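For reference, the structure is listed below as structure tokens.
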Amino acid sequence: MAAKQVVDSVTMQRALTRITYEIIEQNKDLENLVLVGIKTRGIYLAERIAKRLAQLENLTVPVGELDIRLYRDDVHHQLDHHHQPNVEGSSLPVSITDRHVVLVDDVIFTGRTIRAALDALMDQGRPQKISLAVLVDRGHRELPIRPDFVGKNIPTSLNEEINVQVAELDGTDGISISKVEA
Ligand SMILES: O=P(O)(O)OC[C@H]1O[C@H](OP(=O)(O)OP(=O)(O)O)[C@H](O)[C@@H]1O
Ligand SMILES: O=c1cc[nH]c(=O)[nH]1
């Protein structure tokens, strides 16, 4: 089945703006924030939120990139038994110790990516607090993880897939849903 667009560019940008307002409202100490985007599209969304924070609060918030691939729970069998923190592919512009980190991703589904991201972050320092912002929550969690900031709740069935498009990578913004082959 062809992908069906469920959120257009304007609505997606509004959702990111609303997330930004919620981050502002819920944080007394905005100077302590660090935004960390999860590769790939989470990085672009984190940069968008940082841009809005600059526009709304005249604030420069550092933006980092997190590559969680080697922390996924389905790759451990490929690694040796000695846990080796792997920071390759990640880039944090400041120390995250004692900072409030807002993790940013495009979609949350099972929650396993975020579980991996928490491990990856903890190998980099000891944040004072970690919050989670996602553009889409499609449900079907397999772990007890709940985002603090959600752009859109889009109920799905298991044979569907959510695809987020970002202009920086895909030429346009939008969110679509498609059926996956059994
Ligand atoms: O909650 P989960 O079940 O872990 O699913 C959510 C993750 O799945 C997607 O990443 P994907 O692994 O498809 O890689 P991508 O970001 O490079 O598309 C999405 O970007 C989230 O990071
Ligand atoms: O539907 C899904 C599930 C996980 N990750 C996505 O990007 N979409």
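What you are looking at is a predicted structure, and each value in this text was computed from that prediction instead of being measured. Indexing begins at 1, ligand by ligand and atom by atom, following the structure's order.
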Taking [X] for its side chain and [Y] for its backbone only, find out whether a donor-acceptor pair lies under 3.5 Å.
{"X": "Arg138", "Y": "Glu160", "answer": "yes"}
{"X": "Arg141", "Y": "Ile145", "answer": "yes"}
{"X": "Ser131", "Y": "Val102", "answer": "no"}
{"X": "Arg18", "Y": "Gly151", "answer": "yes"}

Near ligand 2, which residues have a heavy atom under 4.0 Å away from one of its atoms?
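Answer by chain and number: Val107, Phe109, Arg138, Glu161, Ile162.
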Nearest protein heavy atom under 4.0 Å from [atom], yes or no:
{"atom": "atom 3 (O) of ligand 1", "answer": "yes"}
{"atom": "atom 17 (O) of ligand 1", "answer": "yes"}
{"atom": "atom 21 (C) of ligand 1", "answer": "yes"}

- Message: side chain to side chain contact (heavy atoms under 4.5 Å, CB included), that's the test. Do Ile108 and Leu132 meet it? Break it down for me.
- Response: CA-CA 10 Å; Ile108 185 164; Leu132 174 62; 4.0 Å; yes
Q: Consider ligand 1: state whether an atom of it lies below 4.0 angstrom from any non-hydrogen atom of Arg115.
A: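 Contact absent.
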| Got the closest protein heavy atom to atom 7 (C) of ligand 1, with its distance? |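 Result: Thr113 OG1, 3.4 Å.
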Out of the candidates Asp170, Asp106, Asp105, only one should pair with Arg41 under the side chain to side chain donor-acceptor pair (under 3.5 Å) rule; please name it.
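Among Asp170, Asp106, Asp105, the one meeting side chain to side chain donor-acceptor pair (under 3.5 Å) with Arg41 is Asp170.
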Numbering as shown, the atoms of ligand 1 that approach [X] to under 4.0 Å (heavy-atom distance):
{"X": "Thr40", "result": "16 (O), 17 (O)"}
{"X": "Val107", "result": "6 (C), 7 (C), 21 (C)"}
{"X": "Arg112", "result": "1 (O), 4 (O)"}
{"X": "Asp106", "result": "19 (C), 20 (O), 21 (C)"}

May I ask you to check if ligand 1 and [X] share an N or O to N or O distance below 3.5 Å?
{"X": "Ile38", "value": "no"}
{"X": "Ile108", "value": "no"}
{"X": "Arg41", "value": "no"}

Discussion item. Applying a heavy-atom cut-off of 4.0 Å, say which part of Asp105 lies close to ligand 1: side chain, backbone, both or neither.
Written reply: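 It is the side chain that touches ligand 1; the backbone stays farther off.
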Where's the contact between Glu142 and ligand 1, heavy-atom distance under 4.0 Å: side chain, backbone, both or neither?
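No part of Glu142 is near ligand 1 at this cut-off.
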### Least distance between heavy atoms, Leu66 atom then Ala117 atom
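Answer, listing the atom of Leu66 first, then Ala117: CD2-O, 3.7 Å.
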